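The model shown is predicted, which means the values in this text are computed figures rather than measured ones. Just so we're on the same page: letters track the sequence lines, and every chain starts at 1.
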Amino acid sequence: MNADEFGQRVLEWFDAHGRKHLPWQQNPTLYRVWVSEIMLQQTQVVTVVPYYRRFVERFPSIRTLAEADLDEVLSLWAGLGYYARARNLHRAAGILRDRHGGEMPLDIALVQALPGVGRSTAGAILALSTGQRQPVLDGNIKRLLSRFAAVPGWPGQASVLARLWTLAECYTPTERVADYTQAMMDLGALVCAPRRPDCRLCPLAMGCVAHAQNREMDFPGAKPRRDLPVRATRMVMVRLATREILLERRPPVGVWGGLWSFPECPLEADVVDWCQERLGLRVAIQPLWKSLRHTFSHFHLDITPVPVIAEAECAKAVLEGERFVWYKSDDVQRLGMAVPVRLLLTALTDDLLNYEDRNE
DNA sequence: CACGCGTGGCC
DNA sequence: TGGCCAAGCGT
């Protein structure tokens with residue numbers, strides 16, 4: 001099947017079955033498509049949609065995003081994961097404001113130079129928003145092309161990746177590039193699916209090498225896997241008699257970077273001493289009622305929560321400033337703390353306050 | 001090139 | 001129910 005026929009068939013399929021009502025497809029400006037592409041990195045459409053709506057309502061333009069506090073940007077990202085995306089998005093908005101007149105450039109090299117924007121995302125932004133002829137190679141298209149051409153090997157391997165890029169480039173048409181690009185992602189997500197590809201619905205089945213060999217599931221080649229490491233940590237839940245709880249801003253990089261969580265106390269340290277030295281707090285430890293395992297895609301995190309009661313006057317005096325915050329449950333949304341909201345605040349804090357109630 | 005980086009859904 | 005996967009990129 002030549003490239004013209006490939007594109008023709010894909011576009012015909014798009015007209016009949018492609019997705020045309022996603023939020024970022026309505027008024028697909030460079031800014032709106034950019035935000036959507038960042039959110040969609042390693043994240044499924046159904047998960048993104050509500051976050052996307054809230055985000056572009058609050059930050060409708062590059063300039064509003066650039067002027068915002070990172071804390072507020074993170075607060076709208078809370079729960080979506082991969083928070084470096086939000087930090088990069090905010091930083092890139094500042095770059096666009098300062099060096100590009102507040103506009104997304106049309107030169108793919110400049111787009112790709114923005115933090116958080118790689119080759120595929122840069123291509124998707126320009127192709128979907130302006131129709132510029134740029135290839136895209138996301139996970140869906142990798143899978144589709146791997147099967148169509150029976151490309152052996154794991155796409156994480158440079159040689160395999162290079163071959164897929166060549167195919168993506170070759171099949172990208174000169175007309176209706178936006179529809180074609182959307183169609184390829186839709187085909188990969190809805191028809192050429194990872195688990196159960198439905199080749200009866202595929203407009204490319206007649207040219208698909210993997211299908212001809214009945215080997216759809218052999219492509220793309222499997223990623224070499226190793227077992228997840230386990231990390232252990234301890235989080236100190238400092239509570240005042242007023243039911244306020246202490247949160248600390250996490251470092252800007254690493255797990256949950258830039259978000260707020262309970263302070264982490266080294267496992268080898270004595271909690272009472274550590275609170276005295278690190279936080280300047282005199283505390284009383286409460287009984288521990290459970291520990292918690294949180295599984296990430298790349299490791300297990302075993303968390304030991306340690307509830308402690310601190311003296312209010314001392315605590316207030318010592319821990320004022322940007323690094324720490326005292327909160328009540330109502331304040332969570334304002335602060336934008338993904339981890340505390342979902343994992344720590346809802347689970348551990350509820351337990352902490354229930355525990356307190358039971359003992360009153 | 002290998003690894004770090006989240007979360008929800010699927011079986 | 002634990003392992004796997006999903007619109008990648010930065011280091």
Side-chain angles (χ1 to χ4, degrees), chain A residues 18-19 22-25 33-52 74 77-89 91-92 111-125 127-128 135-145 153-162 164-165 168 181-190 192-197 217 220 222-231 250-259 261 293-301 337-344 346:
Chain A
R19 287 184 280 203
L22 298 170
W24 44 89
Q25 294 178 296
V33 172
W34 172 40
V35 171
S36 76
E37 286 302 319
I38 300 300
M39 285 191 170
L40 286 162
Q41 288 170 0
Q42 304 283 258
T43 310
Q44 299 192 352
V45 168
V46 286
T47 306
V48 164
V49 167
Y51 286 90
Y52 178 82
L74 284 171
W77 210 273
L80 199 51
Y82 284 137
Y83 300 97
R85 296 182 296 175
R87 301 193 298 269
N88 286 331
L89 196 63
R91 191 151 64 90
V111 177
Q112 198 177 334
L114 296 172
V117 180
R119 182 172 177 189
S120 184
T121 300
I125 293 169
L128 292 171
V136 172
L137 193 58
D138 64 6
N140 289 317
I141 301 177
K142 280 178 189 166
R143 184 173 54 255
L144 188 156
L145 292 175
W154 170 55
Q157 201 174 349
S159 59
V160 178
L161 192 62
L164 292 173
W165 270 113
T181 302
Q182 184 63 48
M184 289 291 281
M185 297 193 288
D186 290 349
L187 270 174
L190 305 173
C192 197
R195 310 258 183 173
R196 295 163 153 259
M217 296 305 287
K223 173 183 179 178
R225 301 243 173 234
R226 47 193 69 183
D227 14 322
L228 297 182
V230 177
R231 295 186 207 169
R250 301 179 62 89
V253 294
V255 173
W256 300 321
L259 300 175
S261 76
R293 164 167 285 199
H294 188 74
T295 299
F296 293 78
S297 52
H298 43 290
F299 66 95
H300 300 289
L301 184 63
M337 300 167 288
V339 176
V341 168
R342 266 199 64 274
L343 179 69
L344 302 173
T346 57

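Under the side-chain contact (heavy atoms from CB on, under 4.5 Å) criterion, A:Pro135 pairs with A:Arg119, A:Trp165, A:Ala168, A:Glu169, A:Thr172, sequence neighbours left out. Contacts of A:Ala122 classified as side-chain contact (heavy atoms from CB on, under 4.5 Å), with partners at least two apart in sequence or in another chain: A:Ile108, A:Val111, A:Gln112, A:Val117. Judged as a side-chain contact (heavy atoms from CB on, under 4.5 Å), and not counting sequence neighbours, the contacts of A:Ser36 are A:Trp24, A:Val33, A:Leu40, A:Tyr52. Residues satisfying the side-chain contact (heavy atoms from CB on, under 4.5 Å) test with A:Asn88, not counting sequence neighbours, are A:Ala84, A:Arg91, A:Pro115. By the side-chain hydrogen bond (donor to acceptor under 3.5 Å, both in side chains) test, A:Arg231 is found to be paired with no residue, residues two or more places apart in sequence or in another chain being considered. Judged as a side-chain hydrogen bond (donor to acceptor under 3.5 Å, both in side chains), and not counting sequence neighbours, A:Arg87 has no contacts. Under the side-chain hydrogen bond (donor to acceptor under 3.5 Å, both in side chains) criterion, A:Thr47 pairs with no residue at all, not counting sequence neighbours. Take A:Gln41 and apply the side-chain hydrogen bond (donor to acceptor under 3.5 Å, both in side chains) test, not counting sequence neighbours, and it matches A:Thr121.
For DNA chain B, each stem of at least three Watson-Crick or G-U pairs (distances under 3.5 Å) is given as range with range: B:2-5 with C:8-11, B:7-11 with C:2-6.
No contact: A:Arg87 has no heavy atom under 4.0 Å from any strand. Base engagement by A:Val45 is indicated by at least one non-hydrogen atom pair under 4.0 Å involving a base atom. Among the atoms of the strands shown, none is found under 4.0 Å from any heavy atom of A:Val136. Residue contacts shown for A:Gly188 are absent, as no nucleic acid heavy atom lies under 4.0 Å away. Within the 4.0 angstrom heavy-atom criterion, no nucleotide atom of any strand lies near A:Leu137.
Separating the P atom of B:dG8 from that of C:dC9 is a span of 23 Å, rounded to the nearest Å. Distance check on atom P: B:dC3 versus C:dC4 gives 15 Å, rounded to whole Å.
Of the candidate nucleotides C:dG8, B:dT7, B:dG4, B:dT7 has the atom nearest to the side chain of A:Tyr83. Side-chain atoms of A:His300 lie closest to C:dG3 of the nucleotides C:dG3, B:dG6, C:dC9.
In this structure, the side chain of A:Arg85 engages the main chain of A:Met39 through a donor-acceptor pair within 3.5 Å. Proximity of a side-chain donor or acceptor of A:Gln182 to a complementary backbone N or O of A:Gly18 within less than 3.5 Å is not detected. At distances below 3.5 Å, not a single donor-acceptor pair connects side-chain atoms of A:Arg250 with backbone N or O atoms of A:Ser261.
Counting only heavy atoms from C-beta outward, the side chains of A:Asp138 and A:Ser120 approach each other to under 4.5 Å.
Judged by distance alone, with hydrogens and angles left aside, A:Thr43 brings a side-chain donor or acceptor within reach of the base of B:dG6, the pair sitting under 3.5 Å.
Regarding A:Glu37, its CD atom lies at a distance of 9 Å from the P atom of C:dG8, rounded to whole Å. In this structure, the OH atom of A:Tyr51 is 13 Å from the P atom of B:dG6, given to the nearest Å. One atom, NZ of A:Lys142, and another, P of C:dC9, lie 8 Å apart when rounded to the nearest Å. One can place CZ of A:Arg143 at 13 Å from C1' of C:dC4, the figure rounded to the nearest angstrom. A straight line from CD of A:Gln41 to C1' of C:dG10 spans 11 Å, rounded to a whole angstrom. Here C:dA6 presents its P atom at 14 Å from CG of A:Leu40, a figure rounded to the nearest Å. Between the CE atom of A:Met39 and the C1' atom of B:dT7 there is a distance of 14 Å, rounded to whole Å. If you measure from atom CG of A:Leu301 to atom P of B:dT7, you get 11 Å, rounded to the nearest angstrom.
Between A:Ala189 and A:Arg19 the shortest heavy-atom distance is CB-NH2, 3.7 Å.
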Could you go through nucleotides 9-11 of chain B and list every protein N or O atom that sits under 3.5 Å from one of its N or O atoms, giving the distance for each pair?
none

Just the atom pairs and distances: protein N or O near nucleotides 1-3 of chain B's N or O, under 3.5 Å.
| residue | atom | partner | partner atom | Å |
| --- | --- | --- | --- | --- |
| B:dC1 | OP2 | A:Ala158 | N | 3.4 |
| B:dC3 | OP1 | A:Arg226 | NH1 | 2.3 |
| B:dC3 | OP2 | A:Arg226 | NH1 | 3.0 |

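Of the residues near DNA chain C, A:Gly118 and A:Lys223, the one whose nearest nucleotide (by heavy atom distance) lies more toward the 5' end is A:Lys223.
Taking only side-chain nitrogens and oxygens, A:Gln42 never comes nearer than 4.0 Å to OP1 or OP2 of C:dA6. Residue A:Trp256 has a polar side-chain atom (N or O) positioned under 4.0 Å from OP1 or OP2 of B:dT7.
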